Structures are given as structure tokens and as C-alpha cells.
*Asks:* 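Quick one: the structure is below, and I'll ask about it shortly.
Heavy atoms only: backbone and side chains are in, while hydrogens, waters and symmetry mates are out. So that the names make sense, note that chain A is the first sequence line, chain B the second, and so on, each numbered from 1. This is a predicted model, so every value here is computed, not measured.
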Amino acid sequence: MSTDAHAGRMTEVSDKFGITPEDYMLPARHMINLLDPDGTLRPQDKQGTEPGHEYPLPSPARLMEAYSALVTGRRVNDQNSALVRQGRMAVYPSSHGQEACQVAAALCLEEGDWLFPTYRDTVAVLTKGVAPMEVMTSFRGEWHCGYDPKAYNCAPMATPLTTQLLHAVGVAHAAKLRGEDTVVVAMCGDGATSEGDFHEALNFAAVFNLPVIFFVQNNKYAISVPFSQQSAAPSLAHKAVGYGMAGERVDGNDLMALMAVMTRAVRLAREGNGPLLVEAHTYRMQAHTNADDDKRYREDAEVAEWKAKDPVIRIQSYLDDAGLLTEQATAEITEKAEAVAKTLRDGMNQDADTDPRELFEHVYSSKTPQMAEQQAMLADELAREEA
Amino acid sequence: MSTDAHAGRMTEVSDKFGITPEDYMLPARHMINLLDPDGTLRPQDKQGTEPGHEYPLPSPARLMEAYSALVTGRRVNDQNSALVRQGRMAVYPSSHGQEACQVAAALCLEEGDWLFPTYRDTVAVLTKGVAPMEVMTSFRGEWHCGYDPKAYNCAPMATPLTTQLLHAVGVAHAAKLRGEDTVVVAMCGDGATSEGDFHEALNFAAVFNLPVIFFVQNNKYAISVPFSQQSAAPSLAHKAVGYGMAGERVDGNDLMALMAVMTRAVRLAREGNGPLLVEAHTYRMQAHTNADDDKRYREDAEVAEWKAKDPVIRIQSYLDDAGLLTEQATAEITEKAEAVAKTLRDGMNQDADTDPRELFEHVYSSKTPQMAEQQAMLADELAREEA
Amino acid sequence: MTTTTSRVNPNVSDATARAAAKAATENQPVTFGKALNTALADALTAEQSVVIFGEDVGTLGGVFRITDGLTARFGNERCFDTPLAESGIVGMAVGMAMNGMRPVIEMQFDAFAYPAFEQIASHVAKMRNRTQGRLPLPMVIRIPYAGGVGGVEHHCDSSEAYYAHTPGLKVFTPATVADAYLMLREAIDSEDPVVFFEPKKLYWSKEQVNLEELAAQYEAGKAAETEGKARIARAGSDATLITYGPSVSTCMQAAKVAAEEGISLEVIDIRTIVPFDDESVAASVRKTGRAIVVAEAQGFASVASEIVARVQERCFHSLAAPVLRVTGFDIPFPAPTLEKYNLPSVERILDTVDQLQWEA
Amino acid sequence: MTTTTSRVNPNVSDATARAAAKAATENQPVTFGKALNTALADALTAEQSVVIFGEDVGTLGGVFRITDGLTARFGNERCFDTPLAESGIVGMAVGMAMNGMRPVIEMQFDAFAYPAFEQIASHVAKMRNRTQGRLPLPMVIRIPYAGGVGGVEHHCDSSEAYYAHTPGLKVFTPATVADAYLMLREAIDSEDPVVFFEPKKLYWSKEQVNLEELAAQYEAGKAAETEGKARIARAGSDATLITYGPSVSTCMQAAKVAAEEGISLEVIDIRTIVPFDDESVAASVRKTGRAIVVAEAQGFASVASEIVARVQERCFHSLAAPVLRVTGFDIPFPAPTLEKYNLPSVERILDTVDQLQWEA
Ligand SMILES: Cc1ncc(C[n+]2csc(CCOP(=O)(O)OP(=O)(O)O)c2C)c(N)n1
Ligand SMILES: Cc1ncc(C[n+]2csc(CCOP(=O)(O)OP(=O)(O)O)c2C)c(N)n1
Ligand SMILES: [Mg+2]
Ligand SMILES: [Mg+2]
């Protein structure tokens, strides 16, 4: 590896593991993968771990917590898709098939840590604790994000791709300047890694040595564009070395591996080792949104192949084999998921109650004369309409 | 190295050299450096070359051609700085100390190839063949770039950092679609690599497999900001792997190494092996521009250290030792340089002859009614003034 | 028009293309989207240097299907997907235009063109001028824009003012099916960069238009030019509604209702914001003596402001009332539950007509 | 004002700061640049959550030295350099403002803010609204702008219209040394994001201003508010020149010359483009009956257009002539040899005054 490298901080970190900075920064030779598609634990030498890239198995309790969130996540995805079909919701970008990533992104964080989600990360936001109807506000077609980001330490789900990664860096930087040890998980998709803001965010995080985990769900498509047309890199995790940070690849349908990798990433970041880039290999099982027609750009066979790697079934078999899925546990988990689904059904079946006059209330901290004038004009129209 | 990597094209290329794709993409362990600061040829095992990163020495004829351009380049830098001091030119960002990079960037190209320079790359543009006074037009304070980019296959010197790299990609792409084998060298500084456009340009070039050499002059400063605050990467050349292209580091004050590395890069690109990223380690010996005061942010000692590595003296000693610098050769080279300097002096001492009415002529292909109206108004003012 | 020797594979002969267009257009009403699609296909056929690229414009045919079928018909070298990066798309287009191509690129939605703003403002707009005319940049940036389709945040901006304010760009926006075809052909054939705004609510609107005939006229140089030529969409005598893009249809409806109430409104469809047709607009307002500018974008420092300023300057002594505006409010676009309160509506236009100081 | 517990090292006591300011201001005229610098220092002192960052603002003190000495005095955690990336700077500022800081960031030159346009238009402007007021973004984006300093291409843009057209942003631009101080303090203390335009030709202009006194007044809440309050820079009765930023001084000169010719011009300095002071402007024009809007930016779809539109709407029946404009031409800024032909000049303003249809 490069001996002229001036990888200051990375040298310190890699020294702890007795490897070169570049071996620390580059992802492990194989992606981290603890469970096989059928739910069996892989032999240790097949897990992809290696010196400097070691991942102890998560505890049963933690796995069960994650599994419960996963079941809820799947239920929520499918409930929301149904609500869209019924015309109760405007649009929904489902993460069906990616729920293990979503759950791990939220559960790896501790009290006070922040999450920066995209439009596809409903399940992560829910898992972070945001109330179901609040999460879904914008997808109903309301004009605001629906929840208080500061109450949940969870940013609004970002629509303009990649832009939120820089906000994540800013949140971490502010915390660091105040001496708080906040860790931030910033999410984006494979397509989003092509935007300039991705580059700027990773570079800022590395230069300021901030505890940000950039978590990329590589679901193989950006709407219709396959990954092969998005990047020619060996993997997205390989980009880390270009910023002087550590990168890792993980099986994004393997909840156990995700929990292991993300938990360790958060710990490393919190300990001051700088940002990390984690690429999860997963698959978008459904269309981009309900408005998309994925038959136009991919084969059913490809989708079927990934169906066999379903993250829910995989961890379920493992937990079942491990004797953790007692009847009671299963019932409780199902009940929890159903309760959330019911909340969504009930909520969505009520019409949102929005007052158009509010449109002028939050543009500025107090209404400018122009805002007041325009609001008055609208109020007058509404009054005449009602009269 | 990563075995899960799907580095398609890079695998093919690296196979030719019998190394892994990542060993091909990552820069060689040491930067390529053929001449010591005192001009002696380094022993082969100290040149930084290694399998897949092999650099035969340039021929004496080619070195002499480059040396001549180097001498002219240095002369031009110093002449221009003098003209600025005399108030004959508005601003000049000198590349004093970086001339070897500039010369190599232009001389590695062949007929029909394109160069994309920045504001600091006057010497590269001159070496590409643009007439001296044309090159200097914009620095005199005129409103246009002064030369015909298509006549010289040389883009206007870019002021908005990094933006030109994407234009370079476009020029290469257009040529490729027409089946032309045009190679493009796109230049930028260390600071410029932090902009989002750097990322987008490299990614586009790699995904479309275009023959573009991204040539970064890492002169250690972006105005006052030192490289350590610009990037935490082991080197800028390490960024290549994140795009699936090859990166290399070269001593930017070693004309021989630069010629070797750039010539090979152009050849590889022309043969269809995709884009390359070359980082030249050099130093900005003078202030950012005449308007800058570098005493505010760096020590004299640092500058002095680099003075000892001057690219002109280095290659001069080598050529002298090699018996190539005959009295006649030296005289011819000096004369050539002086002739260019004289052209600049004479040209700059004449006032530019510009007609304000022309400001409306090139905004659109033909004047809109609004342009015509505004031009008429100005013409009327001018007429009244003259009257 | 620039012609370049090209190895790009045309794939399909003119005759086949015409036949396809014929089948598609002869007997049935044509959508605005189909007119755009046909214009792109015809331009690809007519000119080897035309290339189309952007996000999802290849296999998928664009999220609005405006490039539908072009990759299949013309090959992946003429119409292709790029990585997801708007600055990259525009910047690469600049380079391609520098090197003999005529790129036609798509920004997926209005607000997603903003990452490319630097490339557009500093290069697309200025390269010709910077090079004293030596490097023209014939390229088209297509931007689906405006509301009325229930789109969520960032999908409904009316961003034309940013570009109209930037010297060196032309800004077109068609409002009819025929104009969709003709103006896109003109934009592609222009030697200047054109930002081409497509009112997305019109994509599915239909009119009885014979595209084949239009194409033949255009290619024979017999179609009336649209650049810099406002269109009198409806003649009237009492007041002028000056508008463009998505608001033209709203103004037409308003004029219809007003007519029933005995007020005769003239409706002018600007068509090209840059260059602006001062002559037609001023002639109308001098005739009617009253004017309202209608546009969806927020009003402050907008194209509507500019039109008001120009009209009052040119028609001051003909004006019986100040020139008024009906525009979007100065708030972020409130998609979708409340967008109707923000969009210029027939009622709001008619209310404003009432305010034009009619003598009793 | 948001206060946050902070471990940021203040480094220097209020008293020391005051003493330094005192020495600097008491006996000699103060430059516009020094007023800005002092405002930044005073804000850093007053409020722990204020942080300053950007390109070259640390050690170097900015290319115009507006942040000179701040890193030395307040430490590298309060005023620091970033990597070279404008979208990164603005985007990071958004996140810091989300998390309790009040970032004050510098764009090195006007045209180099364009790479950040996406972050500014889609986030800085909209975050408060998107979150129903729950995530205010108190931040200031300082932009040196406009011409008159012989700057080369991309260094002299007047880009205020792009931001003024974007709802959710406030847009300030001071024209006097006192306003430079007060308006920057107000901008930093605002709960809303402010794009703060600094006319770079004024950086070295001097006035006799006691900054220490001003600071004391401001901090005691006794300084008159500037936001939304236009300033009558010169009273007059025959016509009103409405202007801002770099053009205020030109208008003042024009008014002086006009006075010698017996014409009394009122000069209004808008100060804050958003929010706009309709009241003061309309009152003046109703009084004088004639108005000219003067601004450096290209005129098409500009702030000047907006002002014309507002004035003619509000003052129609008081107007003896159309509201005219003197602006930059609709061309890329022609720096530096020919910039004088583009900039609004005293002569061009007086010519325009002559066109205001004065009865014989
Ligand atoms: C800046 C920007 N450009 C374009 C879009 C339109 N768009 C929305 S999602 C999407 C694809 C994103 O792909 P990826 O990042 O892989 O995320 P995924 O949808 O697969 O989760 C595109 C192009 C956008 N939202 N923002
Ligand atoms: C987009 C943009 N931002 C800021 C600037 C102002 N600027 C001009 S040169 C420079 C530093 C560039 O440093 P580097 O890329 O290392 O090139 P060098 O000047 O060292 O050759 C800066 C910040 C600019 N020209 N363009
Ligand atoms: Mg994806
Ligand atoms: Mg540099």
C-alpha cells in the first residue's frame, strides 16, 4: 500500500488493528455477510470479516428488537402501498425488500443521535420513533413534513437527492463544536452517490473528522437506471479511500450483518475515528413508486432471484432455528405491526384538515407586509366563497 | 484486494499487467519521480515504478522540446508578473514553480487532442500553441477569452473552479460518438478537487469510458488554504479507485517524470482503457495572484524549501550532464523565450482597442430586439459623448 | 445549422420515421407529450448531431415518457441515460456542444435543475459571449415545470425567472400541441442555448393536430416562426391578459366566462419569454387600455414583474388602470393538497379584471 | 434569539473587544469593510452560537479581509476555513443551523455562489416552511457583489434577483458604513436566513461613524430597525430615484448634479429588498409623481422590474410619467475594460430624468 500516503488520522486508527491505513479504509475483500439466504449462520471464515474488519454477532435481545422492527417495517410498506392503491395516499416509494437496512440504520443509533433519511426511508424514520401518521404526512400530499425534526432527532425525509448528507455533516459539526458526542447516520441511494453533494459531504466530514455514517442502500436501481450505468467503481464502498475514511460493504438483506456493521460503525465514529461509508447491497423489490412501471426496465427473473434473498424470511428462519421465536414472541411482534398498520389505515381514512391561510405563516419567522397582504387576499376569497 | 469487486473494464486492463484491478487503479506505492532535485537520474528501484505502473524514460529529443517550452514558460511567468507590476495587466495568477506540469500537460497531446486549462495554466495554453497575446487577453481585463478554442483545440481558461472538467468530458464524449480518437487533458488544482463537479466529471468519464486525463496540480494551497484542510485522503490520486479508473502520483517538479507519466496516460486513454487521474505534486512559489499576500498564511522557510526543487534547474542540470545543452541549443532556447516575452511586452504596451458596442454582438447568434434597443441606446450615448 | 460528420447510427430511414409519425397522428387527437416526442424523433432524424440524454430518458423513456421509444428507434448513442447528476448532465452537454453536437437534455423536474445552476448561469449562458461568438452552444435544456398535477414538494416549481434573468439564455414555453412540436424543433435548431419549459399539466392535453403536416411545413421552412412572436390566443377589446405556458388555458377559460358577462378579453400567449415580443404585447395593450399579467410563478422579481414594467413603460398613456398581476403567492409551492389556492384561477383572474378601474 | 450551551472558546472578554473596537473607530473615518468586520466580531462576542466559515475566511481573513483577525481573536472553532465547495459550505451551514448554531458564511464572489444554488433554493429558503416553523434556519450568506472594482469575469455579478425571487429568503444590501454594521448585526440576529449582499466597490469607502456607539445602541435595542425600512437618502420633490447597494452613491451624485440644474430628486435606499418597504416608496412617488429605479443588475426579470411593477400599481394615479429604469444591460457583465459602459452612470440617470415627460 502507498507509503507516501499522508493519511494522518487513518494511520492512527489502522495501527490499532495492526493493518495499513489503506487496508483499513478500503472495504474488506468480501462483503460482510453473516447469514445465508436460508437463515443459516455462515462459517466464520465465510463472513467476510478480516483483520480491521471484524464483526462480533449481535446479541439475541438486540436481534429480536430488530426483528420486531423489521416485521413492522414490512407491514407498513405493504399497508402504505395498499392505501395508495385505494387512493388514500398520493404517492409511496416503498422500501419492500430493503427493510433490514432501514431498521439497522435507526437501531444502531443511541439517544441524542440524528438520522437523515430520504423519501424511501419511511421504515427507518418509524423505527427511529416518529409517529406513523406524522411520518406519512408528506406522502398524503400535505405541504409540510409532518413531524418535528428536533423532537425526534430525525431530519425531514429528503426529496432533492443527496442534499441531506451535507445537513447531516452540519448537525454533527455543530454537536462537535459544543463537545457533544452525537453520531449521525445519513442515508442515500446508489443513484444519489453520483451527485456532487455526495462528494462534498464525505470530504467535509473527513476533513473535520466528524462522526457521520454515510449509509448507502445500493438497491441496484435509480428509478430505471441500473447500477452499472451509475458507477464503474469496484464498489461504492471503495469511494471511502478517496476521502480518507473507512468503507465497508454489507449484505443489505442480512439483518444480522447490518446490525453488526452499523453498530460498530457508530461506535468507531463516536470514539473519534472519523466518518465511515457503509454500502448495503440490497434490492428494490417493487417499482420506484406507485407511479413507476418497472416492467419497462427490468426482467421478472431478476426480481424473482432477489425474492429468494428476502431479509424478513432470512432472519426469521435464523431466529426460529435458534428457538427465539416463541409463540408469544411472534404474537407480540405481529400485534405491534398490526397496530401500526391500523393507525395508518384509520389515519389515512380521515381527511386531512388543512387551512390554506396557514401557507403564509411559516415562510418567515414573522409575516412580512407582503405575506400579510397576500394572506388577506386569500382570506377574503375564502370568505366570499363560504358566503 | 477486493474479490467481490465488479470492476469490469479495469479487470481487463489490469490483466494486461498481471496485477489486480485495485493495484492498477490505486496509485503506485511511491510517487513517480525520475530525477532528483539536483538533476541526477534516480536508480530504477527508486523511481516509484512498479508492475502496472512502469514508465520508460522519454527520448532526448522529446526532453529537449519540453525543456525549451519550460524555459519559455518560466520567462512568460516572470514577464507577465512584471507587466502586472507595471500596471500593464490587470491580474496574473503565475504558475512560477509549476511550469513543468504545464508543459507536460500540453506536450503529451497530439494533433486534434483537446486541453482544458484553468486561469493558472497560461503556460500550458501557450505550449499548446495559442498565440501569446491571445492567451493574455482576459488578464488584460478584456471581456472575452481572446482566442478561438476550436482553432487551437484549447478551451477558454476556466475561472469558476472545476466546471471545465465536465466540458472536457463532453468534448471527449462527442468525439467518441463520432468515432474520433481524441484525447482530452482536463486540468485543475488541489482545491478544485473538493467541488462537486470534480466528482461528477470523473464519474461520467468512467461510466462512459472516455479518454480524459484529469490532471491535478497539487500545489499545496487553494489561495490560503493548505492541502491538509482540503482533503484527508492519502493522496488525491487515491480518489481514482472510487470511480473505477486508474490514479497516479508524480513529482510535479520533475519534467522527465511528468513527460513519462502523461505520455503513457494519453496512450492508455487513447487505446480505450478509460480515463485516468494524475496528481502532480508541486508548489505555488508565488502568491495566488498579484492581489494576494502569501505572507499571511505561509512561512518563508516553506517556500525556500521548494525553491531547492525548482523544475527548471533540475532538468537543466540533467540535460547539461547528458551533454545535450550545447551552446547553440541554449542560445536557441533562450532566444525563443525572449521572443515570446518581447511579444508580450510590445503587445501589452499597446492599449487594447475595444468597441463597447460589441458587447451586444455575441450574447445571441443574432441580436434580439432588446439587444438592438440597448445597443442603440449606448451608441447614442457614445455619439453624444463624441460630439 | 451545424452539420458534423457523424458515425452515430441513424438506425432508421426518414421514410420509416414518417410512416410511424403518420400512423400516430392522422386520425386522432394528439397529446402535447406526443408532439414533443415526435419533435425529438424528427430532430434526431433530421440532424445527426442531435443527441438526447438525462436521467431515465433511455430505456424508460423519461418519467413523463417524452423520450419514449427514442433509444429503441435511434440507438443508445443518440438517446441515453446518464449517472444521476444534473450539473454533470449540463456540463457534459456544454462540452458536447463545444465539439459539434446539439445536445437536448432533460431535467427530470423543475427543482432538480438547481444543482446545474452554476453550469447554466456561468457557462451555458456565457460561452458564446466569452469567446466572441466563436463557441456557440446550440443546446436545449428541457424542464417540465409548474403545478396542477398534484406533485409533491420540489416537483412543481415555476423557475423560468431564474433563467429569463440570465443573459445569453433563450427561454421558450409552449402552450398548445402545435407549439409544443414547432417550438421544440425551433429550439433544437437554434444556434443559441434554449431553456425549454414544458407545462407538465399539459402533457396529457389533446388537440386535433396533424403532426406530419406540421413537420413537413417546418422542414420546408414554411411554418411561421415562434421565437420572439407572441400569439394572440383570443382576440378581445376591453383588456389584455398577458400570459404563457400553463396559465394560457386558465386565461382562455377566464376570457370565455368574461365574454358571457359582456367583457371582451384579449389573451396573449407570450410563447418565448426571451426574446420577448414587445411589439405584439404593446399593440394589444394600446388597443385595450388595460392589462393583467398572469403566471404561476411566485410574483416577486418574476417574469410577470418584467412584463408589467415593460408594458407600463411602453403603453403609459394608453393605460386606463395600472397593469395588474395574478401570480402564485410569494411562498414555496404548496403541493398538492393546497396548490389550488396558490395557482392563478379563473375566479382570481376575473376578480382582478374587476379591479381594472372600469368607469361606472 | 436562540442561545445554546456551548463549549466554544470565547477567547476574549467583552471588555477587550470593546477596547479594540474603540481604538479602531474613535478618531478616524471607518471603512465599510471595517464596519462589517466589527459587526462580525461583535456578533461572535454577543452570541456563542455564531460561527463563521467559508473559503479563506480563517488565517487569511477573506480575500476582502472582512473576517480579518477573527480566527486569531475567537479561535479556529468560531471562524474557520472549509474545503473549496460552495454547496458544501451552504449545506453544512443548514445542518449547523438545524442544530442550534447561527452560521455566517461567506461566498467568495457573487458568481461563485451559484454552485450552492440548490442548497439555497431548496433548503435554506424552505426548511422553516417545510417543518411548519419547527426548524428555523437562522443563518447569513454573505455575498460580495456588483462591479466597479475592475474585476474579471464571474467576479462582478449582481445576482440579487435570483434570491429575491425565492420565497423564504430575506435579502439585505447596505449602502452606508453605519448600515453595513447595523444591517449585518440584524441579519445575524434574524431568525430567518438572510442573503447579505455587500457592494464590493464600497468596501474601502469611508465615513465618520462611531462604531462603538452604534454597537452600544444596537445592543441596547435603541438602533432603528433597518429590515423592511427604506431610507430616504436625500429628500427631494420632483422625482424619486429608487435604488439600493452600489447604486445609491451614483444616485446621490446624480441628485446633486440635478439640483444644480434646478431639479429636486429624492433618493430612496431600499436597504432590504426582501422584505420590501412598499410604504416608504409609494409615499415618495405619490409626492413626486415621477420615479426611476436604478440598479446594476441586468434589467430583465430583475428586482428593478419588481419595483417598477409595485410602484405603478400603487401610485398609478399620481404618476405623471411611466416609471423608468436605469439598469445594467441584458448582457454578461463586461468586466473590466468596458464595465463603465454597462454600469448605471450619473449621465445615464440624468438622461433618464429628462425623459420623465416634463411639461414644457
Ligand atoms: C437532485 C434530484 N434529481 C433528481 C431527482 C428525481 N429522482 C427521485 S428518486 C430518483 C432516483 C434515485 O435513485 P437512488 O438514489 O438509487 O435511490 P432509490 O430511489 O433507489 O432508493 C430520481 C432521479 C431528485 N429527487 N433529486
Ligand atoms: C466555484 C469557484 N469558487 C471559488 C472561486 C475563487 N477562487 C479562485 S482560485 C481559488 C483557489 C483555487 O485553488 P486550487 O484549485 O488549488 O488552484 P490554484 O489556485 O492553487 O492553482 C478560489 C477559491 C472560484 N474561482 N470558483
Ligand atoms: Mg437505488
Ligand atoms: Mg492549489
*Asks:* I'd like to know if A:E134 and D:R134 make a salt bridge, using a cut-off of under 4.0 Å between side-chain N and carboxylate O.
*Replies:*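 Salt bridge: no.
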*Asks:* Taking D:G133, D:G168, D:P167, D:P136 one by one, which has the highest count of heavy-atom pairs under 4.5 Å against chain A?
*Replies:* D:G168
*Asks:* Contact part of D:T131 toward chain A, heavy-atom cut-off under 4.5 Å: side chain, backbone, both or neither?
*Replies:*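 Contact with chain A: backbone and side chain both.
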*Asks:* Can any side-chain N or O of A:Y364 pair as donor or acceptor with the backbone N or O of D:L169 at less than 3.5 Å?
*Replies:*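 Such a contact is found between A:Y364 side chain and D:L169 backbone.
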*Asks:* Specify the closest pair of heavy atoms between A:T163 and D:H123, including all atoms of both residues, with the distance to one decimal.
*Replies:*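 Between these two residues, the closest heavy atoms are OG1-NE2, 2.8 Å.
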*Asks:* Considering only heavy atoms and a distance below 4.5 Å, find which of D:D277, D:V274, D:D192 pairs most often with chain A.
*Replies:*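 When all of D:D277, D:V274, D:D192 are compared, D:D192 has the most.
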*Asks:* Kindly determine whether D:N129 and A:W143 satisfy side chain to side chain contact (heavy atoms under 4.5 Å, CB included), including the steps that lead there.
*Replies:* CA-CA 9 Å; D:N129 192 66; A:W143 57 273; 3.7 Å; yes
*Asks:* Which answer fits D:K170, side chain, backbone, both or neither, if we ask what part of it has an atom under 4.5 Å from a heavy atom of chain A?
*Replies:*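 For D:K170, backbone and side chain are both near chain A.
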*Asks:* Considering only heavy atoms from C-beta outward, does the side chain of A:H173 approach that of D:V51 to under 4.5 Å?
*Replies:* no
*Asks:* Can you give each donor-acceptor pair under 3.5 Å made by side-chain atoms of residues 207-215 of chain A, sequence neighbours left out, with the distance rounded to 0.1 Å?
*Replies:*
residue : atom : partner : partner atom : Å
A:N209  : OD1  : A:R9    : NE           : 3.0
A:N209  : OD1  : A:R9    : NH1          : 3.2
A:N209  : OD1  : A:G274  : N            : 3.3
A:N209  : ND2  : A:G272  : O            : 3.4

*Asks:* Heavy atoms under 4.5 Å from chain A: which residues of residues 80-89 of chain D carry them?
*Replies:* D:F80, D:D81, D:T82, D:P83, D:A85, D:E86, D:S87, D:G88, D:I89
*Asks:* Looking only at non-hydrogen atoms, find the nearest pair between D:E191 and A:S365 and report the distance.
*Replies:*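 Closest pair (atom of D:E191, atom of A:S365, distance): CB-CB, 3.8 Å.
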*Asks:* Show the nearest heavy-atom pair for residues A:Q370 and D:D278, with the distance to one decimal.
*Replies:* NE2-OD2, 2.9 Å
*Asks:* Quick check on the interface: out of D:Q132, D:M98, D:E279, D:R130, who has the most heavy-atom pairs with chain A under 4.5 Å?
*Replies:* D:Q132
